[in-house]
Amino acid sequence: MTKEKTNKPSKDLPLGFVDRSEKELLVRDFITSKIKEVMVKYGFKYLETPSFEYTDSIGKFLPDKDRPDEGVFSFQDENKWLSLRYDLTAPLARYVAKNYLEIPKPFKRYQLGTVWRNEKPGPGRFREFLQFDADFVGTKSLQADAELCVMISEIIEKCGLSKSEYIIKISSRKITDSIFKKINLENPEQKLTTLRALDKIDRLGWDGVKQLLGEGRKDKSGDFTKGANLSSNNIETIEKELKKKIPETEDLKEILRIFEDYNFKNFEFDPSVIRGLEYYTGPIFEVNLKFDVKNDKGQVIQFGSVGGGGRYDNLVSNFGNYDAPATGISIGLDRLVYALLQKKEFKIKQAKPVVICVFDKSLIKEYIKIQNVLRSADLSVEIYPGDGKLKKQMEYANKIKSPAVILYGEDELKSGKLTLRDLNSGNEKSITISDLVNEIKKII
RNA sequence: GCAGCAGUAGCUCAGUUGGUUAGAGCACUAGUUUGUGGAACUAGGGGUCGGUGGUUCGAGUCCACCCUGCUGUACCA
C-alpha cells in the first residue's frame with residue numbers, strides 16, 4: 001500500500017455521508033418499486049422538483065446572515081442564496097403556488113428524492129438520504145389524512161413487515177393547543193420547550209419528560225438539559241390530559257370514524273406524537289417500528305420513527321394569495337432499508353455474469369461471438385476484463401460469484417466444442433455453442 | 001453544541017507495572033499446480049501505534065492540547 005502523504009487527497013467521506021452497497025440499493029429499489037405500485041393504485045401523480053431551491057423558498061430566511069447553513073447546505077450564486085432541499089414538502093408548496101391555476105384541485109402528488117440536512121448525524125441518520133413523500137393539497141377533508149395512514153400501511157406491509165412489526169401513531173396539534181389554554185401557558189419559549197419535552201415520551205418515559213417540564217434533566221452521559229420550569233400543578237395537568245386513551249378533539253374523532261369505514265386497525269392514538277413543530281396545524285401521524293434496531297456492533301440504538309407527517313394548512317399560502325390546505329406523509333427510505341435489512345433476509349435476485357476466460361488474446365473474436373450469443377438470450381455474461389493467468393481468472397469469477405465460466409482455448413479450437421464449468425458444483429461439460437444457452441440456464 | 005467512550009496492518013483485535021528490531025487471525029501477493037476458483041501448506045509485502053508537543057536514559061503504554069469515530073443528549077424550520 002502506498003503511504004499517505006500530506007498532499008494526497010483524503011479517502012474519508014464528509015461527516016454524515018456514506019457509500020451505499022449494492023445490497024442496500026437492491027432493497028431500496030425493491031421498496032421504491034412497491035411504493036410506485038401503491039401510489040398508482042391510490043391515484044397520486046409522480047413529480048420531481050430540483051435538488052436546489054432558492055433558500056427563502058424552502059422556508060429559510062436569511063436577512064443579514066453571512067452563511068445560511070444552519071440546518072441546510074447553501075451557497076451563493078449571482079448574489080442569490082441557493083440551498084439543497086431538506087425535505088420534499090417545502091418544494092411541493094412552492095410548486096403548487098407556482099402552478100396553482102393549471103393543476104387539478106385537490107392535487108395529489110408523490111415524489112421520491114434525495115434530501116440533505118446539515119445536522120449532526122445519528123445512528124441510521126445521515127446528512128444525505130432518500131425520502132418518499134405523498135401529499136394532498138387543496139382539501140380540508142380529513143378523509144385525505146385518514147387515507148394517507150391507510151396507504152402508508154399498505155406500503156410498509158408490501159415491503160415485508162407484518163402488522164405486529166409496525167404501528168401508525170396519530171395525534172393532533174389541537175390537543176396540545178387546548179392543554180396550553182387550560183393551564184394558561186402563553187410564553188412562546190415555554191410552550192416550545194414543553195412541546196419538545198412531550199415529544200420525547202417514547203424515549204425518556206414520563207419520568208424523564210416530567211424532569212424536562214420542570215427544572216431539567218441529566219442524560220446518561222451526565223449532560224444536563226434545561227427544562228421548561230412549569231409548576232408541578234401544571235405538569236400534573238399535562239400528564240393527566242396526555243394520558244387519556246381516547247381523543248377528545250373533533251378532527252381525531254372523525255379520523256377514527258373513517259378508519260372504521262376502512263376497517264383500518266393498525267394505529268394507536270398517542271398524544272405524545274408532536275413532530276415538526278413549525279407548520280403542522282391539525283392531525284399528525286408517525287410510522288413507528290415495534291422491534292429493536294441494532295447497529296453493526298449489536299447495540300440497540302435510538303432509532304426513532306421511519307416516517308411521519310400531518311396536516312399543514314398554511315404552508316402554501318405563505319407563497320402568495322392561494323389558500324391551499326394540505327396534508328402529507330413521508331418515509332425516510334434509507335432508514336427503512338437499514339431496519340428491514342436486519343429484520344428480514346432479502347433474497348433479491350441479481351444475475352451475476354458468466355465469465356468467458358481469456359486463454360489467448362488472438363481468440364478474442366471467438367469470445368465476442370460467444371458473448372453475443374448469450375447476451376442475445378438476455379443472459380449476463382462478460383469476457384474476463386484482462387488477460388492474466390487462468391488461475392487468476394478463476395479466482396476473479398469466484399470472487400464476483402459468477403455461476404459459471406466458459407473455457408475456450410487450443411483444445412476447444414480443435415474439437416469445435418467449448419468447456420462450461422459450473423462454479424458451484426465444479427462440474428465441467430464439453431458442449432457445442434448451440435447448446436450453450438440451454439446449459440447455462442440449467443445452471444443459474 | 002454539550003457529555004461519555006474509543007482510535008495499533010486493508011478489516012477485527014492483542015500488546016503485561018513505561019524496556020531491544022510492535023504481534024495474531026482474516027484479507028492481499030507469489031509459489032506448491034506455466035489449462036482450472038472455493039480447502040491445505042510454504043514464503044512474502046504491508047504500520048512514523050490518529051496528530052502535535054511534553055515528562056523520561058527510554059513512550060503504543062504517562063501528561064496536555066488538537067483531530068476523527070461511536071453512543072447519549074440538544075437542535076432538526
Side-chain angles (χ1 to χ4, degrees), chain A residues 1-6 10-16 18 55-62 68-72 83 85-87 89-90 93 115-127 129 192-193 195-197 199-200 203-204 208 211-212 216-227 274-280 294-305 308 312 315 318 332 355 357-360 363 384 388-413 418-428:
Chain A
M1 294 294 122
T2 49
K3 275 184 189 169
E4 203 80 17
K5 279 296 165 200
T6 41
S10 167
K11 41 189 193 285
D12 295 336
L13 289 166
L15 177 69
V18 286
T55 301
D56 56 1
S57 309
I58 57 170
K60 183 83 185 177
F61 303 92
L62 46 138
D69 57 359
E70 263 177 71
V72 292
S83 296
R85 61 189 177 204
Y86 64 85
D87 72 6
T89 309
V115 302
W116 294 265
R117 293 191 185 180
N118 194 353
E119 300 166 357
K120 189 202 157 201
R125 273 188 89 163
F126 306 105
R127 300 214 287 185
F129 57 99
L192 196 64
T193 314
L195 283 175
R196 286 171 181 162
D199 197 34
K200 299 176 176 67
R203 274 190 292 133
L204 309 180
Q211 288 170 28
L212 283 175
R217 171 180 180 270
K218 221 184 228 184
D219 72 39
K220 83 181 186 197
S221 68
D223 189 32
F224 186 77
T225 308
K226 252 180 77 182
I274 306 287
R275 295 195 65 76
L277 305 168
E278 203 61 31
Y279 58 65
Y280 289 125
K294 295 174 184 169
N295 63 12
D296 50 14
K297 288 177 186 161
Q299 302 166 287
V300 174
I301 51 175
Q302 289 297 343
F303 196 68
S305 63
Y312 52 99
L315 197 57
N318 283 343
V355 173
C357 290
V358 178
F359 266 107
D360 185 343
L363 292 175
Y384 176 75
K389 288 182 182 169
L390 190 55
K391 177 171 173 163
K392 254 204 150 127
Q393 303 193 27
M394 295 295 292
E395 279 170 359
Y396 167 81
N398 192 48
K399 184 93 181 174
I400 65 166
K401 299 201 167 74
S402 168
V405 295
I406 291 167
L407 302 171
Y408 192 85
E410 270 178 57
D411 300 350
E412 287 81 4
L413 193 59
L418 32 80
T419 304
L420 177 66
R421 183 182 175 93
D422 181 333
L423 285 180
N424 256 329
S425 64
N427 295 335
E428 260 178 31

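Between A:Phe126 and A:Pro121, the shortest heavy-atom distance links the atoms CA-CB, 4.3 Å. Minimum interatomic distance between A:Glu412 and A:Leu418 (heavy atoms only, all atoms of both residues): CG-CA, 3.7 Å. When every heavy atom of A:Glu428 is checked against every heavy atom of A:Leu407, the shortest pair comes out as OE2-CD1, 4.0 Å. Here the shortest heavy-atom pairing between A:Arg117 and A:Asp87 reads NH2-CB, 3.9 Å. The heavy-atom pair separating A:Leu212 from A:Leu204 by the smallest distance is CD1-CD1, 3.7 Å.
Distance noted for atom C1' between B:rU17 and B:rC76: 49 Å (whole Å). Straight-line distance between the P atoms of B:rG50 and B:rC11: roughly 13 Å, to the nearest whole Å. If you take atom C1' in B:rU56 and the same atom in B:rC63, they sit 12 Å apart, rounded to whole Å. The separation of B:rG10 from B:rG35, taken at their P atoms, amounts to 34 Å, rounded to a whole angstrom. For the P atoms, the distance from B:rC28 to B:rG37 is 14 Å, rounded to whole Å. Nucleotides B:rG23 and B:rC65 place their P atoms 33 Å apart, quoted to the nearest Å. The gap from the C1' atom of B:rU20 to that of B:rU52 amounts to 27 Å, rounded to the nearest Å. Taking the C1' atom of each, B:rU8 and B:rG60 are spaced 7 Å apart, rounded to whole Å.
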Item checked: Base-contact (B) and sugar-phosphate-only (S) positions in nucleotides 29-38 of chain B, heavy-atom cut-off under 4.0 Å, - elsewhere -> -SSB--BBBB
Check: How would nucleotides 66-72 of chain B be written as a contact map, 5' to 3', with B for base contact, S for sugar-phosphate-only contact and - for no contact, using protein heavy atoms under 4.0 Å?
Finding: ---SSBB
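Here OH of A:Tyr384 is found 10.0 Å from CG of A:Leu390. Values are rounded to the nearest 0.5 Å. Interatomic distance, OH of A:Tyr280 versus OH of A:Tyr312, reported as 8.5 Å (0.5 Å rounding). Between the OG atom in A:Ser402 and the CG atom in A:Asp422 there is a gap of 9.5 Å [rounded to 0.5 Å].
Summarising the geometry, the separation between CZ on A:Arg85 and P on B:rA77 is reported as 17 Å, rounded to the nearest angstrom. To the nearest angstrom, C1' of B:rU73 lies 14 Å from CD of A:Glu119. Distance, A:Ile274 CD1 to B:rC75 P: 13 Å, rounded to whole Å. Here B:rG1 presents its C1' atom at 16 Å from CZ of A:Phe224, a figure rounded to the nearest Å. One interatomic measurement links the two molecules: CG of A:Asn118 to P of B:rA77, which rounds to 14 Å at whole-angstrom precision.
A:Arg125 contributes a side-chain N or O that forms a donor-acceptor pair with the base of B:rC76 under 3.5 Å.
Under the side chain to side chain contact (heavy atoms under 4.5 Å, CB included) criterion, A:Thr193 pairs with A:Ala228, sequence neighbours left out. Residues forming a side chain to side chain donor-acceptor pair (under 3.5 Å) with A:Tyr408 (at least two apart in sequence, or on another chain): none. Under the rule for a side chain to side chain contact (heavy atoms under 4.5 Å, CB included), the partners of A:Ser305 that lie at least two apart in sequence or sit in another chain are A:Arg275, A:Glu286, A:Asn288.
Here A:Lys200 lies in heavy-atom contact (under 4.0 Å) with sugar-phosphate atoms only.
Residue A:Arg196 places none of its side-chain N or O atoms closer than 4.0 Å to OP1 or OP2 of B:rA74.
Between the side chains of A:Asn427 and A:Arg421, not a single donor N or O lies within less than 3.5 Å of an accepting N or O.
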Checklist line | Intra- and inter-strand pairs of RNA chain B in dot-bracket (Watson-Crick or G-U wobble, both distances under 3.5 Å; | for another strand) | finding: (((((((..((((.....[...)))).(((((.......))))).....(((((..]....))))))))))))....
